[in-house]
Amino acid sequence: MKKILWTVIFLSFFSLVQAQEHEIIHNRITSEVWDKIAGIKHRVVDDYEYYPIFEEKLKALDGKVVTLKGYIVPIKEGVEHSSFLLSVLPINQCFYCGKNGIPMMVEVNTKKPVRYTENIVNVKGTLKLYNVNAAFACPVVLQQALVSE
């Protein structure tokens, strides 16, 4: 997860420069499912150990097929990805600026590789919740996902 975070930081900084040049401002994507995911709190053990606390309304979606709109945030180099993060904001908008901090992201594992795009994508997959150390792994994962623009 540290590698993922450093990748996101690097891409965010690089993309921020481009966003400032073009003055592109995106609105945060919202939906009923994203709102439930955003409700995750964390039990902090120390600086590098914190565990998710899932609300009942999110637990009710565990194992269910859901659809989320969002932006692809690659976690590895390449044009096509079978695993990536899905965010409510694009990587060319600074996640670390402003007062609200880093937006919630989910890990996506697809049935087949998808091409990276800066456009909003629709992702349909089985939502799984994991009680893992969120400093190193994503507690919300969409498995067996299909992606469409």
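Values below: all heavy atoms of this structure, side chains included; hydrogens, waters and symmetry mates excluded.
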Any chance you could lay out the side chain to side chain contact (heavy atoms under 4.5 Å, CB included) test for Leu146 and Val123, step after step, and finish with the verdict? CA-CA 6 Å; Leu146 296 171; Val123 181; over 6 Å; no
Partner of Val141 under side chain to side chain contact (heavy atoms under 4.5 Å, CB included), picked from Asn109, Leu127, Val132, Thr126, is Asn109
On a heavy-atom basis, the closest approach of Leu129 and Asp62 is N-OD1, 3.0 Å
Are Tyr51 and Ile37 connected, step by step, through hydrophobic side chains (Ile, Leu, Val, Met, Phe, Trp, Tyr) whose heavy atoms are closer than 4.5 Å? no
Is Leu61 linked to Tyr130 within one hydrophobic cluster, defined over Ile, Leu, Val, Met, Phe, Trp and Tyr using a side-chain heavy-atom separation of less than 4.5 Å? no
Go through the steps for Glu107 and Ser83 under the test side chain to side chain contact (heavy atoms under 4.5 Å, CB included), then give the verdict. CA-CA 7 Å; Glu107 181 180 337; Ser83 183; 3.8 Å; yes
Joint hydrophobic cluster, Val140 plus Val33, side-chain heavy atoms closer than 4.5 Å: yes
Would you say Ile120 and Leu68 are hydrophobically clustered, going by side-chain heavy atoms of ILVMFWY under 4.5 Å? yes
For Tyr116 and Pro74, the nearest pair of non-hydrogen atoms, with its separation, is CD1-CG, 3.7 Å
Answer yes or no: is there an ion pair linking Glu55 with Lys59, defined by an N-O contact shorter than 4.0 Å? no
Determine whether a donor-acceptor pair (N or O, by modelled atom type, separation under 3.5 Å) exists between the side chain of Trp34 and the backbone of Lys69. yes
So which atom in His42 and which in Ile53 form the shortest heavy-atom distance, rounded to 0.1 Å? C-CD1, 4.0 Å
Joint hydrophobic cluster, Ile40 plus Leu89, side-chain heavy atoms closer than 4.5 Å: yes
For Ile29 versus Tyr71, what's the shortest heavy-atom pair and its separation? CD1-CE1, 3.6 Å
Could you check Leu86 against Val121 for side chain to side chain contact (heavy atoms under 4.5 Å, CB included), going step by step and ending with a plain yes or no? CA-CA 9 Å; Leu86 188 71; Val121 295; 3.9 Å; yes
Heavy-atom pair of closest approach, residues His81 and Lys76: CE1-O, 3.1 Å
With the side chain counted from C-beta on, respond yes when Arg43 and Val45 share a heavy-atom pair under 4.5 Å apart, and no when they do not. yes
Kindly give the heavy-atom pair with the smallest separation between Ala145 and Val108, and that separation in Å. CB-CG1, 3.7 Å
List the steps, then state whether side chain to side chain contact (heavy atoms under 4.5 Å, CB included) holds for Leu85 with Ile75. CA-CA 7 Å; Leu85 297 175; Ile75 55 178; 3.7 Å; yes
Crowded around Glu149 CD? As in, over 12 foreign heavy atoms under 6.0 Å? yes
Are the side chain of Asn133 and the backbone of Tyr50 linked by a donor-acceptor contact shorter than 3.5 Å? yes
With rounding to the nearest 0.5 Å, note down the distance linking NZ in Lys57 to CD in Glu32. 9.0 Å
